[in-house]
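These notes are about the structure you will find just below.
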Amino acid sequence: MKAAVLEGIDQIALREVPTPECTPDTILVRVNACAVCGTDVKALRHGHQMIKPPIILGHELAGTVVEVGAEIHGHYDSERVTVASAVPCGRCYYCQRGQTTVCENILDIGSTWSGGFADYLLVPPAAVRNACVNKIPDGVSAAAVALTEPLACCLNAQEMLGVGVGDTVLIIGSGPIGCLNAMLARALGAAAVIVANRSAPRLKMAEVVGADLYVNTSEDDLKQCVLDSTDGRGADVVIVACASSEAQQESVELAAPRGRINFFGGLPRGSSAIAFDSNRLHYQEMTLVGNHGSTPYQNYKALHLIASGQVDTEKVITHRFKLDEIEKAVATAASKEGLKVLVEPD
Ligand SMILES: [Zn+2]
Ligand SMILES: [Zn+2]
């Protein structure tokens, strides 16, 4: 089969590799679509502590089952599926408490297990066992479903934040994750969604998600804009969907009393120590959380938010490439000239 193999920093190439063999406890899936994630770009450009080349990248995917292991019973034959890429072990302390995003033995498809930038994906045994394989309802495109995993990560954040009816949600960063968070907040009942970014073209692209207010932070004072639109209170929820220590620091000033803040974007290693006025948290009874992944159940729910039309993930897909254009696909994602970049095998 053809696969895009990460071979080192700035080295990704289309290779002919053996098609994985379906063992008794695995499922073989023909990949129909796989989106490029910021993690893929990071791994290619700078390396990633979890990703050891050579490896096939790609973890935001949809496909069709072509072979089912002999020991697997159920209903997988010829089904269209999406697979939660953060595969929990199901046995550790955290898995037993349902907190699988911090599983001690997590297996990551596209990082520690061959991913979806290939003709076929072998679904690992733990993914089959631990409910990571979700059937795609009829009539939903593979492209839309490929964004199940990043939407599930947004759901992980917004469930932890308790985003709900009547909230004013401020999202700093209007890349794909900022856009998905904006649509999700709306689906969960947010009364107002504010999207901020310091790049005018990037902010312009985010108009597809229909936020109530867009703030260009290189021109306007974000704090003033947020206060003006919330009767001076601040945002009930602030999601920092960019890798910016300044934005993290500022978020504490932008939240209302009882506000909930999420650091969605991780900071580069070595520069993640930040300072802010902790008395704001103390006296205003704020909550500050971080997130970086999603549970299998959140992937299930994200898929159904997409299938039901509550979150139209196709709105954020701006580029499509064939698998043999993988270098162009990743370069386009890295350039930030669009939002989500999709890779489709021939
Ligand atoms: Zn991702
Ligand atoms: Zn575990």
Side-chain angles (χ1 to χ4, degrees), residues 4 6 12 31 33-46 48-51 55-63 82-117 121 124-132 134 143-157 173 175-181 184 239 241-243 264-266 290-299 302-303 306 311 313 316-317 319 326 329-330 332-334 336 338-343:
L6 176 77
I12 191 164
V31 179
C34 186
V36 180
C37 173
T39 308
D40 300 318
V41 174
K42 204 192 282 179
L44 178 65
R45 292 282 185 260
H46 309 289
H48 191 287
Q49 62 187 108
M50 294 293 292
I51 301 175
I55 182 86
I56 302 168
L57 295 176
H59 60 268
E60 301 176 356
L61 60 99
T82 179
V83 186
S85 61
V87 180
C89 75
R91 295 185 307 274
C92 74
Y93 176 80
Y94 299 103
C95 280
Q96 296 209 297
R97 293 159 65 91
Q99 300 161 338
T100 62
T101 47
V102 286
C103 167
E104 290 172 338
N105 314 297
I106 204 138
L107 176 156
D108 273 305
I109 294 173
S111 296
T112 54
W113 180 275
S114 291
F117 293 141
L121 171 89
V128 180
R129 274 199 315 270
N130 294 323
C132 293
N134 285 306
V145 167
L147 301 195
T148 297
E149 189 271 345
L151 182 62
C153 295
C154 298
L155 191 59
N156 185 30
I177 284 293
C179 287
L180 289 174
N181 266 304
L184 178 62
I239 299 173
C242 57
F264 200 107
N291 297 94
H292 75 104
S294 56
T295 66
Y297 184 35
Q298 285 162 342
N299 278 259
L303 173 61
I306 296 167
V311 178
T313 48
V316 301
I317 297 169
H319 294 78
I326 186 70
V330 180
T332 303
K336 299 191 173 180
L339 291 168
K340 266 291 181 188
V341 175
L342 201 69
V343 176

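Whatever order the structure lists them in is the order used to number ligands and atoms, beginning at 1. Count residues from 1 along the sequence.
- Excluding waters, the count of protein N/O/S atoms less than 2.8 Å from the Zn ion (ligand 1) comes to 3.
- The 12-atom threshold is exceeded at CZ of Arg45, counting heavy atoms of other residues, nucleotides or ligands nearer than 6.0 Å.
- Of the options Ile177, Ile239, Leu147, a side chain to side chain contact (heavy atoms under 4.5 Å, CB included) to Cys154 is made by Ile177 and by none of the others.
- Of the possible donor and acceptor atoms, none in the side chain of Lys340 sits under 3.5 Å from a partner among the backbone N and O of His319.
- Within the model, atoms CZ of Arg91 and CZ of Arg129 stand 6.5 Å from one another, a figure rounded to the nearest 0.5 Å.
- Between Pro124 and Ile109 there is a side-chain heavy-atom pair separated by less than 4.5 Å.
- Contact check for Thr101 versus Asn291: no side-chain heavy atoms found under the 4.5 Å cut-off.
- The number of protein N, O or S atoms lying under 2.8 Å from the Zn ion (ligand 2) is 4.
- In this structure, the side chain of Asn134 does not engage the main chain of Thr82 through any donor-acceptor pair within 3.5 Å.
- In plain terms, the two heavy atoms of Tyr94 and Glu104 that are nearest each other are CE1-OE2, 3.6 Å.
- Judged purely by atom type and a 3.5 angstrom limit, Ser111 has no side-chain atom pairing as donor or acceptor with the backbone of Ile51.
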